*Asks:* 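The structure under discussion is supplied below as structure tokens; questions concerning it will follow.
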Number of protein chains: 2
Amino acid sequence: MSIRHGLLALLSPEPRYGYQLRTEFEASTGATWPLNIGQVYTTLSRMERDGLVSPGEEDDQGRVVYMITEAGRAEMERWFSTPVAQADRPRDELVIKLAMAVTAPGVDVGRVVQTQRTATMATLQELTRAKRSAAGGTAQRLVLDSKIFQAEAEQRWLDHCEAVLAANTEGAQS
Amino acid sequence: MSIRHGLLALLSPEPRYGYQLRTEFEASTGATWPLNIGQVYTTLSRMERDGLVSPGEEDDQGRVVYMITEAGRAEMERWFSTPVAQADRPRDELVIKLAMAVTAPGVDVGRVVQTQRTATMATLQELTRAKRSAAGGTAQRLVLDSKIFQAEAEQRWLDHCEAVLAANTEGAQS
DNA sequence: ACAGCCATGTAACTTGTTACATGATTTT
DNA sequence: AAAATCATGTAACAAGTTACATGGCTGT
């Protein structure tokens, strides 16, 4: 529900039209998660269906301007004041992959870990480079930082996995 | 595509029936991401449609046993040998929420951060408790560890956000 | 008898996502 | 004139998810 709420938040200060929303969404969250323009319109339609936004009159330039409704504002406030719970998060593909690699016989877990480590390292370097070039405002920088923190945590976890697996094979099977 | 591939991996050593797949999936990944049994069957149907699995004959006890196909095995190997890329990951709701909180006027970002920090702290304690009780095999333990690493990274990032925002309000706006 | 687990399945829905069609305006 | 950008929208699909229907078997 990230996009819905994101658009809702962008509409909260004042009405906007679809194309503008994409631009501003990407300006806030950065270029790493590009937002297809079609999706803006589908999401707006669905939010209209759910009573969160309503299309006002057209622009002076004929653009369709949406504005947030009462219900939409309430939903936005609920969103900001409710923490993201553990259960809300999507399943982590890497974690499932490793769990399966450990479980399934005949899979070289070490190789899976190594492959991922290389990729994550490359990601990390790219992110660091992006951070050095330092375009964008506070929001974009924080998004970048989040990705860096997450990639670093992933590296540490991969190290940890290797250590655990090494200890497992040398000693008894678990 | 985590569940598809997860089921595929579980089917790789030998054929299984649906109910069994749920049990084993949860045994590998832990109870934190419960898997609805209905989903196992829908996913199996779709995988059959895509030629990744095929229902063999019934069990001696009348259970519908699925087995992995050639194409399924190839897909599984591709999965294990391909790293999870940055672009593959879903949008992070918390990150978007904070980016929007920073961007939108009239939102108390500090409160959003605090609310999340409290929740994440509670999560972390719960995870640590779960780890101490230490049921489950290697896979489950690694999944738990991953969640702990991620929660810790999230706490660090929230701290970092606060620091950046404090520096921002005391000095000039960015 | 009844509760609860084992077991399979389907219908319906959500969000996310893309490919495509269409046209106006602006830049080169 | 052609290319690019601005702007709106639709059709179609994927994957995940749940609620429900159905029935057999097991333990109390």
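As the structure is a prediction and not an experimental result, all values here were calculated from the model.
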*Asks:* For DNA chain D, note the earliest and the latest nucleotide, 5' to 3', having some atom under 4.0 Å of a heavy atom belonging to chain A.
*Replies:* D/dC6 to D/dT17
*Asks:* Using distance only, find each side-chain donor-acceptor pair of residues 21-33 of chain B under 3.5 Å and give its atom names and separation, not counting sequence neighbours.
*Replies:*
unit_1, atom_1, unit_2, atom_2, d
B/Thr23, OG1, B/Tyr19, O, 3.1
B/Glu24, OE1, B/Arg16, NH1, 3.0
B/Glu24, OE2, B/Arg16, NH1, 2.4
B/Glu26, OE2, B/Leu35, N, 2.7
B/Ser28, OG, A/Thr103, OG1, 2.9
B/Ser28, OG, B/Glu24, O, 3.4
B/Thr29, OG1, B/Phe25, O, 2.9
B/Thr32, OG1, B/Lys147, NZ, 2.8

*Asks:* May I have all residue pairs that pass salt bridge (charged side-chain N to carboxylate O under 4.0 Å, His left out) and include part of residues 74-87 of chain A, sequence neighbours excluded?
*Replies:*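 Listed once each, the pairs are A/Glu75-A/Arg78.
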*Asks:* Using heavy atoms and a sub-4.0 Å distance, could you list which residues of residues 29-53 of chain B are near DNA chain C? By number, please.
*Replies:* B/Ile37, B/Gly38, B/Tyr41, B/Thr42
*Asks:* Using the test salt bridge (charged side-chain N to carboxylate O under 4.0 Å, His left out), find all partners of B/Arg89 that sit at least two apart in sequence or belong to another chain.
*Replies:*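 So B/Arg89 forms a salt bridge (charged side-chain N to carboxylate O under 4.0 Å, His left out) with A/Glu154.
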*Asks:* Return the set of residues passing side chain to side chain donor-acceptor pair (under 3.5 Å) with B/Asp59 (not counting sequence neighbours), or none when no residue passes.
*Replies:*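 Scan of B/Asp59 (side chain to side chain donor-acceptor pair (under 3.5 Å), adjacent residues dropped) gives B/Arg63.
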*Asks:* What residue pairs, at least two apart or across chains, pass side chain to side chain donor-acceptor pair (under 3.5 Å) with a residue in residues 40-52 of chain B?
*Replies:*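 Listed once each, the pairs are B/Arg4-B/Asp50.
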*Asks:* Let me have the donor-acceptor pairs involving side chains of residues 128-136 of chain A, under 3.5 Å, with sequence neighbours excluded, atom names and distances please.
*Replies:*
unit_1, atom_1, unit_2, atom_2, d
A/Thr128, OG1, A/Leu124, O, 2.6
A/Lys131, NZ, A/Asp145, OD1, 2.8
A/Ser133, OG, A/Ala130, O, 2.9

*Asks:* Short of 4.0 Å, heavy atom to strand atom, which residues of residues 58-71 of chain B count as contacting DNA chain C?
*Replies:*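 Contacts with DNA chain C under 4.0 Å: B/Arg63, B/Val64.
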*Asks:* Let me test you: for the helix from C/dA1-D/dT28 to C/dT28-D/dA1, what is the angle between the axes at its two ends (five pairs each), rounded to 10 degrees?
*Replies:* 20°
*Asks:* Please name all residues satisfying salt bridge (charged side-chain N to carboxylate O under 4.0 Å, His left out) with A/Glu162, sequence neighbours left out, ordered by chain then number.
*Replies:* A/Arg117
*Asks:* According to salt bridge (charged side-chain N to carboxylate O under 4.0 Å, His left out), does anything in residues 95-109 of chain B pair up with another residue at least two apart or in another chain? List the pairs.
*Replies:*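 Listed once each, the pairs would be none.
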